[in-house]
Amino acid sequence: MDKAIRDKYTAVIGLEVHAQLLTKTKIYNSDSAEYGSLPNTNISVITLGHPGTLPKLNKRVVEYAIKMGLACNCDISRVQIFDRKNYFYPDLPKGYQLTQDRTPICMKGFVRVSPRNGEPRDIHLNRIHIEEDAGKSIHLDGEKDTLVDFNRAGVPLIEIVTEPDIRTSDEAYSFLTEVRRLVRYLDICDGNMEEGSLRCDANISIMPKGSKTFGKKVEVKNMNSIRNVQRAIDHEIERQILAVENGEEIFSETRTFDANTGTTSGMRTKEELNDYRYFPDPDLSPLHVTKEWLKSIEESMPSLPQELFEKYVKEFNLPEYDAQVLTDMKEIALYFEDLCSKTTNYKAASNWVMGPVKSYLNDQNLQIEELPVTTGRLAELIQLVDDNKVSFSVASQKIFSEMIKQKGSMSALETAELLNLVQDSDSDAISVLVDEVVAEFPDKVAAYKKGNKGLLGMFMGEVMKRSNGKVNPKVANELLRTKLS
Ligand code: ADP
Ligand code: MG
């Protein structure tokens with residue numbers, strides 16, 4: 001699209017993110033919430049909403065939702081009711097969905113994002129509420145009937161609703177990346193968009209640059225990766241601009257994204273307003289979150305990526321780049337945290353984790369939990385380098401892989417000794433070699449003394465050769481300089 005035309009408009013974006021909570025059982029009964037079971041095996045009469053059954057709220061669901069709220073700086077509602085949202089759909093066995101319409105568990109709050117091509121910004125949240133998932137309709141190829149699988153009905157969800165605060169697809173991308181990182185750090189959702197445990201609907205409108213009045217929004221569904229949310233937003237902004245430029249009007253509708261073409265197409269208009277007839281569920285009593293309960297949840301909060309980032313930059317004096325890489329994945333951050341309780345050479349620890357550790361994991365396609373070198377063993381190796389017993393390059397190229405092979409059964413020093421790689425830092429022993437070399441090349445010594453300082457490298461080379469590369473270069477260098485001057 002022509003940049004001049006694009007620049008006439010500002011996009012306004014609000015996201016609605018559903019996260020499936022990692023509880024063992026469903027939100028209102030003890031049916032398994034496991035993903036991937038055989039169809040219709042996790043369905044009791046309560047899931048199916050048979051007459052006479054009563055729901056009972058899963059406490060874990062509330063705790064997980066509150067954790068997310070705390071991580072997003074929200075106010076936590078102390079009294080909540082659950083509402084029935086009534087509609088008919090084949091995958092909804094009860095004929096209504098239990099949700100929180102008027103008393104969402106978390107209100108307001110914000111998520112800080114750092115988009116690649118923009119300034120860090122706070123994206124404000126409208127709310128986070130608890131609700132239950134619906135079942136699934138299945139349309140098999142060549143089958144004219146629709147099949148339904150109710151396993152997913154009643155699996156707990158939280159829905160995170162942003163204010164229309166987002167202005168670019170980059171910001172939306174960063175927001176979702178951060179939300180995924182948070183749910184994974186909190187261990188409340190696996191964050192897998194491909195399998196649908198994290199889902200995002202994007203609301204998009206455009207307005208003339210400088211305007212304060214938002215345009216009519218279009219809701220786009222069915223993006224199964226963060227990247228596809230970004231693509232859908234980019235496409236939708238262009239589509240709306242072109243329409244307006246052509247004198248057409250944008251109307252509120254729901255559109256679906258096609259990942260193959262990168263385009264959106266209309267599903268249904270929002271003209272006829274849905275009447276969900278929300279009302280408080282008479283079978284569930286209002287939920288009271290006591291001060292004590294809230295406090296115990298607060299106390300169980302793990303360190304969050306932003307906190308760790310700041311600690312690494314401010315306390316450990318690491319570059320922001322390092323802090324970013326180290327906190328990107330919870331498991332890596334936990335390993336690094338543990339490593340830093342065993343060494344105070346934080347920069348070396350960071351270099352090890354970002355370098356040899358990560359490349360080994362990548363090469364072998366392993367998770368860090370599967371790394372045979374414990375943080376204790378790696379801390380020993382860092383110490384060995386700091387003590388000049390081995391160089392970093394020998395440590396990372398030879399000793400580390402041997403330690404992996406030994407599955408951590410040997411200390412770093414034992415491994416270095418096994419490979420005969422311990423550097424000699426003992427100046428007496430090195431001194432003998434230096435003397436030998438100096439005695440062997442009297443002409444070169446004379447030339448050095450006349451000013452050909454470049455010969456130092458040749459002397460070093462000789463000392464190294466005689467020691468099989470095991471002397472500490474720093475010590476050897478100093479001894480040579482003194483002997484030659
Ligand atoms: P609805 O009543 O259609 O559900 P809401 O006001 O509840 O609309 O908002 C749903 C989502 O749409 C929120 O994420 C909100 O930020 C976003 N949104 C609201 N108005 C706009 C707009 N004009 N343009 C883009 N997004 C919007
Ligand atoms: Mg709404």
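As the structure lists them, so they are numbered: ligands from 1, and atoms in each ligand from 1.
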Taking 4.0 angstrom as the limit and counting only heavy atoms of [X], give me the atoms of ligand 1 inside it, by number and element.
X      : value
Val12  : 24 (N), 25 (C)
Pro164 : 16 (O), 27 (C)
Val161 : 13 (C), 14 (O)
Glu163 : 16 (O)

Counting neighbours of CD on Glu119 that are heavy atoms of other residues, nucleotides or ligands and sit closer than 6.0 Å, is the number greater than 12?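 No, not enclosed.
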What about [X]: any of its N or O atoms under 3.5 Å from an N or O on ligand 1?
X      : answer
Ile204 : no
Glu16  : no
Gly215 : yes
Lys216 : no

Is the ring pair Phe392/Trp352 parallel, tilted or perpendicular, if the boundaries are 30 and 60 degrees? perpendicular
Applying ring pair (Phe, Tyr, Trp, His ring centres under 6.0 Å), which residue pairs with at least one partner in residues 130-178 are found, sequence neighbours left out? none
Test: Glu380 and Arg377 ion pair at under 4.0 Å: yes
Do NZ/NE/NH1/NH2 and the carboxylate oxygens of Lys67 and Glu63 come within less than 4.0 Å?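 Salt bridge absent between Lys67 and Glu63.
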Does ligand 1 have a heavy atom under 4.0 Å from the side chain of Asn203, from its backbone, from both, or from neither?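 The part of Asn203 near ligand 1 is both the backbone and the side chain.
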At a non-hydrogen distance cut-off of under 4.0 Å, which region of Leu15 contacts ligand 1 (side chain, backbone, both, or neither)? backbone
Nearest option to atom 1 (P) of ligand 1, as decided by whichever heavy atom of Lys217, Arg127, His124 sits closest: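 When every heavy atom of Lys217, Arg127, His124 is considered, Lys217 comes closest to atom 1 (P) of ligand 1.
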Measure from NZ or CZ of Arg84 to the centre of the six-membered ring of Tyr96 and say whether it is under 6.0 Å with the direction within 45° of the ring axis.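 Yes, Arg84 lies over the aromatic ring of Tyr96.
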Would Lys85 and Tyr276 count as a cation-pi pair here, with the cationic atom under 6.0 angstrom from the ring centre and within 45° of the axis?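 Yes.
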When you check the side-chain N and O atoms of Gln240 and Glu236, is any donor under 3.5 Å from an acceptor?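 Looking only at side-chain atoms, Glu236 and Gln240 do form a donor-acceptor pair, the distance falling under 3.5 Å.
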